[in-house]
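Working notes, beginning with the structure itself.
Lettering of chains follows the sequences in order, A, B, ..., and the numbering in each one begins at 1.
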Amino acid sequence: MSTFVGPARVRYAPSPTGEPHIGNIRTAIWSWLFARHTGGQFLVRIEDTDQSREVEGSVGRILESLRWLGLTWDEGPDIGGPYAPYVQSKRLDDYHAAARRLLDSDNAYRCFCTPERLDALRKEQQAERRSPGYDGLCRSIPAAEATARAASEKFVVRFKVPHEGSTTVEDLLRGPITVENRTLDDFVILKSDGFPTYHLAHPVDDTAMHITHVTRGDEWLPSAPRHALIFDALGYPRPIYVHNAIILAPGGGKLSKRHGAKSVLEFADDGYLPDAIVNFLCITGWGHGDDTVLSREELINVFDMADLSLAPATFDIEKLNWMNGVYLRNMQPEDLVEQIAARLDRDLPPEVPRPLDRANLAAIAPLIRERIQLLSEVLGFVDFFYATDIPTPPVEQFLVKRWREKAPEAAAALAAAVEAIAGAAWSANGLEETLRAAAAAAGVPVGDLFSLIRLAVTGKAVTPPLFESMEIVGAEACLARLRAAEAALRAAS
RNA sequence: GCCCCCAUCGUCUAACGGCCAGGACGGCACCCUUUCAAGGUACAAACAGGGGUUCGAUUCCCCUUGGGGGCACCA
C-alpha cells in the first residue's frame, strides 16, 4: 500500500551502550526488509557521541547480532562505504561545520550556563509546576561578546527555536504532527566536549548518507520537530520519518529483563532460530492478511513500512516458541542434524566422545523434531542415548497407575518382556510386534507394559518413541537395564 | 505540570463506509496414539464509552476513559 517505489536507503543506528535487545532489533529487521523490498540499501552507523555511556565490545556484539539474524548491511563501520566513516565519533568535523553554519546564520547561539545553573533552574521550574526547559538566558548575549568568551570559557551551542509559530513534521504512518514552537526550548546541539547531541548528528549524518527513510522508535516523536527545524535551517531536504511503536512487556509496561527483553545473542543461546526470530518480530506490530509464517523471501516481498501498526505490541513469548517449533519442523533434515549436533556439542558432558556420530544423530533427529520448540530442549530428550550407565529409577516411579502396590506383578511383566525380546532381531518394528504380543499374552494393556520398559530403558517417563529409541540404544544396554529394573522391583516386593 | 502518540478476541493482527468482524498464538473438547509431542476436527473469545457525519459506521470527526512516550551537555 506504499506509494514509495524507488530504492530506499535506511539505516540501523545503535549506540554502543550494550547489546541490541529484542525491541530495538525489530526496527532493524523492518528496515532491512524494507531496504531489500525496495532494492535499496541497508546501512549500519554507530552513534557514539556520548563517550561516558560507551560499553566496551558493544560494536562487535551489535554486528554479531545482525550477522546471526542474517541482516546483511551494505555499508557500515566494518566495511566502509561511499559515505564513510560510519562511526559518529569520527565525523566531528562535519558536526562542527554544521554548528558553525547555524551560528553564522543566527539559528544557534553559544550558551555559557553552568550545569549548576541549569540544575537549579530545573528544580525551580518543577517547584513552580512549570514546564522544564532552558530559559534562553544566553540567547541575548551579543555575538561578538559570545565569540570572545568562547576563547576562555566552556560553552555549548544551542539551537535558537523560534518563539512564534508551529512546526509540522510528516510521519509516514500518522501523517502530519504539529507542535507549537513555544513548547520547545533552545536545545543543545553541540556539547561542551565538542561532541554533537543526537539532535544535530541525526540531520547531519542522515543527509550526508542520503538516508531516505528515518526509522526509529516513537519515543522520538516529540523531538521530531526539533530535527525538522535543523534540517530546514541547514537547507537540507527532510527525510521521510517512520516512527514505530515499541514492544511492551506481557503485563503491560516497558519490556524488561524479566519479560524477555533479552539480547539477540541470548535468544541464540536459548536455542531460537534466526529465521523464527525474524519472522516473529516482523509480525509483532505488523500483519499480512491471514498469513503468519512467512519465509524471509516472502517477507521481503510483502513487507511494507507503511503497514506498520501504530499501537504498541505485547511481546508474546508463547507464540515465538510455537513459531520456533514450526521452523524446526520445516527444516531440511540434514540442517536439523547439524543444528542438533552443534547444540549437543556444547550441552553434552565432556565425557561423551567428540565429534558426535552424525549417522547416529541422523537416526535420533526425526524422533525429536516434533517434540522440541527450542534447541535447548534437545538435551533433555536425548541424553540417555549418550549415557553409558543409566541408574535404575527408584521403584516408586515404576509403581504408578496399574502397578501401584504391585511390585511383583511389574517385575513379572518386565521379566516376560525380557524373555520375549532377548535374542530376537533388534529392530523397532520387530520389538514393537514382539512386545505387543507379550503384553497380550500377559494380559497387560500395552501402554502399561511399555511405560515400565520406557522407564527402565531411558530412566524417564517422557521420551522419544520407545522402540526406535531401543533400537538406537542397542540390545545389550536395553536388556541390562531391563534386568536391573526387574531385580529392583523384586527386591522391593 | 505541559506536550505528543495510540485504542478490533487474553495476545499478535486482517478489514482501507456496506456479506454471520477473518486468521494466528494461547484456551477448551474430541479424534489419533506406547509417554510426550506433532497432526486433524469443533467450540468459546473482540470492534473501550458517549456524541456527531452518513441511506449505512469497526472504518471519518469531536469528547471522555484507558494505555504508551517526551520535556538532559542520553540516545
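Among the atoms of the strands shown, only primed sugar atoms or phosphate atoms (P, OP1, OP2) are found under 4.0 Å from some heavy atom of A/Gly285. Using a 4.0 Å heavy-atom distance criterion, A/Ser309 is classed as a sugar-phosphate-only contact. In this structure, A/Asp316 reaches the bases: a heavy-atom distance under 4.0 Å links it to at least one base atom across the strands shown. Counting non-hydrogen atoms under 4.0 angstrom, A/Pro196 reaches the backbone sugars and phosphates but no base. Within the 4.0 angstrom heavy-atom criterion, only backbone atoms of the sugar-phosphate kind lie near A/Ser15; the bases stay farther away. Counting any heavy atom pair closer than 4.0 Å across all strands shown, A/Arg158 reaches sugar-phosphate atoms only and no base atom. Residue-level contact check: A/Cys113 touches the bases, meaning some heavy atom is under 4.0 Å from a base atom. Within the nucleic acid shown, A/Arg174 comes within 4.0 Å of sugar-phosphate atoms alone, with no base atom in reach, counting heavy atoms only. Counting non-hydrogen atoms under 4.0 angstrom, A/Ala313 reaches the backbone sugars and phosphates but no base. Counting any heavy atom pair closer than 4.0 Å across all strands shown, A/Thr49 reaches sugar-phosphate atoms only and no base atom.
Side-chain atoms of A/Val188 lie closest to B/A72 of the nucleotides B/A75, B/G68, B/A72. Checking B/C5, B/C12, B/A75 against every side-chain atom of A/Arg53, the shortest atom distance belongs to B/A75. Picking from B/C74, B/C2, B/C25 the nucleotide with the shortest atom distance to the side chain of A/Ser131 gives B/C2. Distance from the side chain of A/Pro132 is smallest to B/A72 among B/A72, B/U11, B/A75. Here the nucleotide nearest the side chain of A/Arg122, chosen from B/C4, B/C2, B/C73, is B/C73. When distances are taken from the side chain of A/Arg454 to each of B/U35, B/A24, B/C73, the shortest belongs to B/U35. When each of B/U35, B/C6, B/A75 is scored by its nearest atom to the side-chain atoms of A/Ala311, the top-ranked nucleotide is B/C6. Listed nucleotides: B/G68, B/C25, B/C74. Nearest to the side chain of A/Leu248: B/G68.
Of the C1' atoms belonging to B/U35 and B/C43, the separation is 28 Å, rounded to the nearest Å. Taking atom P on both nucleotides, B/C6 is separated from B/G10 by 23 Å, rounded to a whole Å. Taking atom P in both B/G68 and B/C61, one finds a spacing of 24 Å when rounded to whole Å. Rounded to the nearest Å, the gap between the C1' atom of B/C74 and that of B/U58 is 41 Å. As rounded to the nearest Å, B/C31 and B/U13 have P atoms that lie 36 Å from one another. Annotation: B/G52 and B/A15 have their P atoms spaced 29 Å apart (nearest Å). Remark: the separation of the C1' atoms in B/A14 and B/A72 is 42 Å, to the nearest Å. Atom C1' of B/U8 sits at a distance of 29 Å from the matching atom of B/G40, rounded to the whole Å.
Closest of all the heavy-atom pairs between A/Ser89 and A/Asp48 is OG-OD2, 2.6 Å.
Remark: B/C28 base-pairs with no nucleotide; criterion is Watson-Crick or G-U wobble with both hydrogen-bond distances under 3.5 Å. The partner of B/C9 cannot be assigned: no Watson-Crick or G-U wobble pair with both contacts below 3.5 Å exists in any strand. A 3.5 Å limit on both hydrogen-bonding distances identifies B/G18 as the Watson-Crick or G-U partner of B/C55. Across the strands present, B/U34 finds no partner; the criterion is a Watson-Crick or G-U wobble pair with both atom distances under 3.5 angstrom. Across all strands shown, B/C2 pairs with B/G70; the Watson-Crick or G-U wobble distances both stay below 3.5 Å.
Within residues 462-470 of chain A, the residues having any heavy atom under 4.0 Å from RNA chain B are, by residue number, A/Val462, A/Thr463, A/Pro464, A/Pro465, A/Leu466, A/Phe467.
A/Ser58 places a side-chain N or O within donor-acceptor distance of the main-chain N or O of A/Pro16, the cut-off being under 3.5 Å. Remark: side-chain polar atoms of A/Arg61 are not paired, donor with acceptor, to backbone N or O of A/Pro20 under 3.5 angstrom.
Taking the six-membered ring for Trp and thresholds of 30 and 60 degrees, A/Phe187 and A/Phe159 have nearly parallel ring planes, at less than 30 degrees apart.
Evaluation of atom-type donor-acceptor distances gives no pair under 3.5 Å for the side chain of A/Thr284 against the base of B/C12.
With a 6.0 Å radius and a threshold of 12 heavy atoms from other residues, nucleotides or ligands, A/Arg117 has its CZ atom above the threshold.
Defined by atom type and a distance below 3.5 Å, a donor-acceptor pair is present between the side-chain atoms of A/Thr463 and A/Arg454.
Contact check for A/Tyr86 versus A/Pro77: side-chain heavy atoms found under the 4.5 Å cut-off.
Ring centroids of A/Phe398 and A/Trp403 are separated by 6.0 Å or more, keeping the two rings apart.
Across A/Phe34, A/Tyr241, A/Trp30, a single residue satisfies ring pair (Phe, Tyr, Trp, His ring centres under 6.0 Å) together with A/His213, and that is A/Phe34.
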